[in-house]
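To start, the structure itself, in structure tokens.
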Amino acid sequence: MTTRPRATAVATAAETSVGAPAVRKPVESVPRWAVRVAHAIPLCVLPSGLWRVALVLGLAGYDADFPWAVWERPYVIGLSVVSEGLALLALGLVRPWGEVVPRWVPRLRGRRIPIPAVVIPAALGAALIMMLCAYGVLNQIFGFVEPMNDNGDGFPTSGPAAWALWTTYAPLLAWGPLLAILTVAYHRRRRANDADVRR
């Protein structure tokens with residue numbers, strides 16, 4: 001008679017182990033500040049994407065007659081779409097679909113997502129974004145690459161068009177740090193919830 005409660009506890013722990021169906025409600029919920037940060041990340045990326053779209057459409061305030069190669073316009077538009085899509089993935093760090101596979105996914109629906117499968121890509125992404133942003137800023141200061149100008153050869157370096165460029169790209173500097181903070185919060189929350197399950 002004493003083995004039944006123990007067996008029940010073991011079965012419950014097995015159900016909530018990594019890769020098994022998630023049936024227990026998390027003890028530690030997502031804090032409000034983390035939700036706000038997750039929603040802020042796509043908004044930080046959006047202005048630069050809109051600027052690139054305006055560039056392709058000749059609405060960026062300069063270089064309207066630039067001779068685009070066949071592949072360049074789709075590349076610039078694709079870069080904007082992919083960047084925004086990656087930024088939206090930050091919502092998975094505060095939403096259920098970042099912890100449990102959604103129901104519409106065949107075979108894996110309802111399975112708990114292993115913590116490293118989320119934390120490692122998010123951490124690497126945050127580090128890469130911060131490195132790229134740091135390079136962009138340092139390049140503007142020290143000129144690692146020859147600066148482009150307003151003569152149709154590249155990005156504007158002065159005037160209203162330059163201010164529009166810098167204003168729309170400046171929010172990108174927050175993407176990496178915000179993603180890093182959100183990743184740490186996700187990792188701590190998942191670890192705390194898993195530790196409670198094992199008790």
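Source: prediction; values computed, not measured.
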Less than 3.5 Å apart, which donor and acceptor atoms pair up between the side chains of residues 175-186 and the rest of the protein, not counting sequence neighbours?
unit_1: T183; atom_1: OG1; unit_2: L179; atom_2: O; d: 2.7
unit_1: Y186; atom_1: OH; unit_2: G98; atom_2: O; d: 2.7
unit_1: Y186; atom_1: OH; unit_2: R190; atom_2: NH1; d: 2.5

Smallest separation among heavy atoms of T167 and P171, with atom names: O-CD, 3.2 Å
Is it possible for you to say whether L124 and M130 belong to one hydrophobic cluster, with membership spreading through side-chain heavy-atom contacts below 4.5 Å? no
Please walk me through it: do H187 and I115 pass side-chain contact (heavy atoms from CB on, under 4.5 Å)? CA-CA 7 Å; H187 181 262; I115 297 177; 3.7 Å; yes
With hydrophobic residues grouped by side-chain heavy-atom distances under 4.5 Å, do W163 and W51 end up in a single group? yes
Connecting only ILVMFWY residues whose side-chain heavy atoms lie within less than 4.5 Å of each other, what is the rest of L128's hydrophobic cluster? L132
Are V45 and W166 grouped together when hydrophobic residues (ILVMFWY) are joined by side-chain heavy atoms under 4.5 angstrom apart? yes
N139 side-chain N/O to Y135 backbone N/O, donor-acceptor pair under 3.5 Å: no
With clusters defined by side-chain heavy atoms of hydrophobic residues (ILVMFWY) lying less than 4.5 Å apart, directly or transitively, does V53 cluster with L55? yes
Is a salt bridge present between R111 and E99, judged by a nitrogen-to-oxygen distance below 4.0 Å? no
When you look at CZ of R109, are more than 12 heavy atoms from neighbouring residues, nucleotides or ligands closer to it than 6.0 Å? yes
Can you name the nearest heavy-atom pair linking R189 to L93, along with the distance? NH2-O, 2.9 Å
Sub-4.5 Å side-chain heavy-atom contact between V101 and I113: yes
Nearest 0.5 Å, please: how far is SG in C133 from CG in L172? 5.5 Å
Residues 74-87 side chain polar contacts: donor-acceptor under 3.5 Å, at least two apart:
unit_1: S80; atom_1: OG; unit_2: G49; atom_2: O; d: 3.4
unit_1: S80; atom_1: OG; unit_2: R52; atom_2: NE; d: 3.0
unit_1: S80; atom_1: OG; unit_2: V76; atom_2: O; d: 3.2
unit_1: S83; atom_1: OG; unit_2: L79; atom_2: O; d: 2.7
unit_1: E84; atom_1: OE1; unit_2: L46; atom_2: N; d: 3.3

Do V94 and L88 sit in the same hydrophobic cluster, where Ile, Leu, Val, Met, Phe, Trp and Tyr count as joined when their side-chain heavy atoms come under 4.5 Å apart? no
Over all atoms of both residues, closest heavy-atom pair of A90 and A38: O-CB, 3.9 Å
